[in-house]
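Only one structure is covered here, and it is reproduced in the block below.
All values derive from a computational prediction rather than experimental measurement.
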Amino acid sequence: MTLESAPESSLPTDVTALPETTVTAGSEWWRSAVIYQIYPRSFADSDGDGIGDLTGITSRLPALKTLGIDAIWLSPFFTSPQKDAGYDVADYCDVDPLFGTLDDFDRLEQEAHRLGLRVIVDLVPNHTSSAHQWFIDALADGPGSETRARYIFRDGLGANGELPPNNWQSVFGGAAWTRTTNPDGTPGQWFLHLFDSSQPDLDWTNPWIREQFRDILRFWLRRGVDGFRVDVAHGMVKVEGLPDFNPPAYDPNSIGNSMSQPVDVPYWAQPGVHEIYRDWHKVLEEFEGDRVLCAEAWVEPLTMLANWVRPDEMQQAFNFSYLETPWSGSRLRAIIDESIEAFSGVGAPSTWVLSNHDVIRHATRLALNPPPPQGEGIGPRSEIAIDEELGLRRARAASLLMLALPGSAYVYQGEELGLPEVIEMPDSARQDPTYFRHHGEKYGRDGARVPIPWEAGAPSYGFGPTAASWLPQPSDWDRYARDVQAGTPGSTLELYTLALRERATHGLGLGTHVWLQGYGEDVVAFTNGTVTVIANTGTVPVELPVGDIIVSSEPLSEAALPADATVWLTTRA
Ligand code: BGC
């Protein structure tokens with residue numbers, strides 16, 4: 001075998017060196033695409049107010065082109081009071097002034113397309129903001145009105161309606177119902193909010209709502225977006241009659257109260273949602289090009305999630321079962337098999353994802369055994385010892401494994417820099433509604449959302465022109481800055497860049513994985529076309545076959561793959 005590690009990178013660092021490509025009609029690009037999640041408030045800030053914006057994103061697109069991704073997904077940048085960082089939308093067809101204007105969006109999209117990057121926006125259909133005009137009208141018009149029928153208002157139980165209509169709990173903590181006050185000051189009806197009380201759930205049995213959302217889709221499709229990530233795509237339809245939810249084994253603090261549905265929850269994964277997606281599928285077909293819907297649906301098992309990506313529904317669904325799989329060879333092999341089988345059973349690609357804005361970054365999570373449940377977060381009082389070096393090592397190995405799998409992969413901003421979860425964040429800086437609804441007992445998701453570092457030594461590490469940052473950045477992030485990592489052999493940024501380039505060269509996204517026999521329990525070993533992929537989740541080095549190294553997550557000094565490392569190689573017969 002060749003013992004040199006990955007070839008010294010000759011990767012372009014200057015986008016002018018890149019050939020200009022434009023997005024073409026391309027057939028089913030999403031089957032193999034690497035899609036980069038931009039969390040707008042934390043990506044790049046052009047005006048120095050400490051909150052990222054669309055112009056900031058546009059200015060940094062060349063760096064993403066250099067990285068080698070195929071598409072960007074933008075978390076919400078729509079008009080919003082920002083009670084849940086924009087997942088509380090007050091106008092689906094406008095840009096919040098915090099982030100810019102519709103013209104700024106058009107410029108961003110145009111520049112992305114010029115660089116050959118597709119653009120996916122976030123659609124939040126389960127709920128609006130309580131500042132949405134629809135909700136303002138519903139409150140003003142009172143019980144029985146047409147406008148109230150757009151949301152889920154109910155009279156309370158008890159002699160004076162003083163009890164919530166059922167026992168449902170909010171994902172962010174506390175009751176899922178809030179009581180309104182009538183114009184004369186007396187207590188009124190209750191409204192449902194599966195998330196924060198500033199996020200009232202829409203009533204998707206109402207045809208008017210359905211019509212509005214068709215038009216919202218068309219609004220963005222006409223502007224040229226390539227698709228939508230659909231927020232809470234498993235929650236829009238509730239069981240008729242809104243029955244209590246009280247299975248005996250239900251622990252409200254476990255995953256069941258977050259976004260998954262291991263038991264039959266009357267507001268998750270109801271079959272009625274599929275009719276909506278079939279309808280949207282047709283709306284997308286009204287437009288030229290290859291547009292895509294991707295479900296954020298925390299649904300298990302994967303055979304059930306596969307229903308979201310049947311041929312006449314969505315194109316993709318996030319594979320959270322993969323995200324939640326620990327760094328264990330046998331568990332990874334099992335979930336890879338299960339994923340490919342479940343999705344290919346309906347003719348869809350599997351997706352792969354390790355991090356996003358709702359979970360503990362995988363450079364930290366993979367060092368935790370077990371990690372806290374989704375949404376709970378970690379902070380100074382968590383009393384968890386974290387081995388940062390181990391976490392990063394595993395994260396690099398896990399990412400290299402993920403990027404070798406056939407299907408589409410999602411990368412969350414900053415993971416290509418190896419960013420860890422920010423744990424030492426003062427309580428006073430926290431913003432996630434989860435933190436407040438749990439009275440500080442759960443930290444929530446802020447630690448994954450800290451503005452990312454671009455330039456070492458610069459104010460806010462080059463996130464913006466000033467030192468302002470809506471969540472405080474740690475003082476030791478120079479080492480993660482993009483400019484420090486660019487061109488530095490072995491850096492996490494170079495690892496991702498090389499892996500993405502080789503993934504494209506070898507067509508791994510459209511390939512087929514075939515398990516290699518003869519490896520131990522802790523090893524994930526397969527071929528994808530001419531590439532052999534070996535990941536070692538154990539502690540004992542694994543002997544490597546004879547071959548040429550394409551890329552490895554750790555330097556290889558002998559014919560063996562050390563612990564917590566992944567390698568891609570082309571084997572010689
Ligand atoms: C988003 C979260 C958001 C929630 C409510 C999700 O799953 O990813 O960030 O808080 O939906 O909209």
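- The two residues F463 and S469 make their nearest non-hydrogen contact at CE2-CA, 4.5 Å.
- Under the 4.0 Å criterion applied to side-chain N and carboxylate O atoms, R229 and E296 are assigned as salt-bridge partners.
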CA sep, side-chain torsions, deciding dist, call: S399, E415, side chain to side chain contact (heavy atoms under 4.5 Å, CB included): CA-CA 9 Å; S399 299; E415 70 172 74; 4.1 Å; yes

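- Note: F320 and W298 have parallel aromatic rings, judged against thresholds of 30 and 60 degrees for the angle between ring planes.
- Side-chain contact check for Q316 and Y410: at least one donor-acceptor pair (N or O, by modelled atom type) lies under 3.5 Å.
- Ionic pairing of E324 and R365 is not present here: no N-O contact between side-chain nitrogen and carboxylate oxygen is shorter than 4.0 angstrom.
- Proximity of I120 to L74: side-chain heavy atoms (C-beta onward) are nowhere separated by under 4.5 Å.
- For N536 (side chain) and V523 (main-chain N/O), no donor-acceptor pair under 3.5 Å exists by modelled atom type.
- Looking at W29, its side chain does come within 3.5 Å of a backbone N or O of D290 through a donor-acceptor pair.
- Nearest heavy atoms, A317 versus T351: O-OG1, 2.6 Å.
- Under the 4.0 Å criterion applied to side-chain N and carboxylate O atoms, E554 and R393 are assigned as salt-bridge partners.
- Here CD of Q473 is found 10.0 Å from CG of L419. Values are rounded to the nearest 0.5 Å.
- Scanning both residues, E313 and L293, for their nearest heavy atoms gives O-CD1, 4.4 Å.
- A salt bridge is defined here as a Lys NZ or Arg NE, NH1 or NH2 lying under 4.0 Å from an Asp or Glu carboxylate O, and D84 with R445 meets this definition.
- D226 contributes a side-chain N or O that, together with a main-chain N or O of V119, makes up a donor-acceptor pair within less than 3.5 Å.
- A 4.5 Å side-chain heavy-atom check between T571 and V546 finds every atom pair outside the cut-off.
- Under 3.5 Å, the side chains of T570 and D548 contain no donor-acceptor pair of N or O atoms.
- Separation of atoms OG (S350) and NE2 (H513) is listed at 10.0 Å; rounding is to 0.5 Å.
- E494 contributes atom CD, which lies 9.5 Å from atom CZ of R501 (distance to the nearest 0.5 angstrom).
- Formation of a donor-acceptor pair under 3.5 Å by the R503 side chain with backbone atoms of L403 is found in this model.
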**Item:** From CA spacing to verdict: side chain to side chain contact (heavy atoms under 4.5 Å, CB included), E338, I335
**Value:** CA-CA 5 Å; E338 195 185 325; I335 196 69; 3.8 Å; yes

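- Between the CD atom in E421 and the OG atom in S382 there is a gap of 9.5 Å [rounded to 0.5 Å].
- Inspection of the D122 and W73 side chains reveals an N or O donor paired with an N or O acceptor under 3.5 Å.
- Listed for the Q485 side chain is a donor-acceptor partner under 3.5 Å among the backbone atoms of L417.
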Show your reasoning for whether side chain to side chain contact (heavy atoms under 4.5 Å, CB included) applies to L368 and I384.
-> CA-CA 8 Å; L368 301 175; I384 302 178; 3.3 Å; yes

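- Looking only at side-chain heavy atoms (C-beta outward), W454 and S460 stay at 4.5 Å or farther from each other.
- Side-chain contact, T55 with D53: no donor N or O sits under 3.5 Å from an acceptor N or O.
- For R331, the CZ atom is loosely surrounded, since the number of other residues' heavy atoms within 6.0 Å does not exceed 12.
- At a threshold of 4.5 Å between non-hydrogen side-chain atoms, the residues V121 and F77 count as touching.
- Rounding to the nearest 0.5 Å gives a distance of 13.0 Å between CD of E416 and CZ of R396.
- Side chains of S339 and Y322: a donor-acceptor N/O pair is absent below 3.5 angstrom, by distance only.
- No donor-acceptor pair under 3.5 Å is formed between the side chain of R482 and the backbone N or O of E455.
- Atom CD1 of I57 sits about 8.0 Å away from atom CD of Q413, to the nearest 0.5 Å.
- Using a 30° and 60° split on the angle between ring planes, Y443 and Y435 fall in the parallel class, below 30°.
- If you look at W308 and F318, their ring centroids are not closer than 6.0 Å.
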**Request:** Take L67 and L500 through the test side chain to side chain contact (heavy atoms under 4.5 Å, CB included) and record every step on the way to the result.
**Result:** CA-CA 7 Å; L67 177 61; L500 289 172; 3.9 Å; yes

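- Proximity of R118 to I72: side-chain heavy atoms (C-beta onward) are nowhere separated by under 4.5 Å.
- Salt-bridge check for R381 with E424: failed, with every basic side-chain N at 4.0 Å or more from each acidic carboxylate O.
- With contacts defined as side-chain heavy-atom distances shorter than 4.5 Å, the pair S552/W568 does not qualify.
- Considering only heavy atoms from C-beta on, W327 comes within 4.5 Å of L332 through its side chain.
- The two residues L561 and I534 have their closest heavy-atom pair at CD2-O, 3.4 Å.
- A donor-acceptor pair under 3.5 Å links the side-chain atoms of S408 to the main chain of A33, judged by distance alone.
- Contact detail for D522 and T537: the closest heavy-atom pair is O-OG1, 2.7 Å.
- Looking only at distances, a side-chain donor or acceptor of T325 sits under 3.5 Å from a matching main-chain atom of S321.
- Closest heavy-atom contact between S46 and P465: O-CG, 3.8 Å.
- With sequence neighbours excluded, the residues satisfying side chain to side chain donor-acceptor pair (under 3.5 Å) with R394 are D564.
- Within the 3.5 Å criterion, the main-chain N or O of V225 finds a donor-acceptor partner in the side chain of E109.
- Side-chain atoms of S42 and R449 include no donor-acceptor pair closer than 3.5 Å.
- Q37 and S75 share a side-chain donor-acceptor pair at under 3.5 Å.
- Formation of a donor-acceptor pair under 3.5 Å by the T492 side chain with backbone atoms of G418 is not found in this model.
- Of the N and O atoms on the side chains of W515 and D337, at least one donor lies less than 3.5 Å from an acceptor on the other residue.
- Side chains of T364 and E388 form no contact here, defined as non-hydrogen atoms less than 4.5 Å apart.
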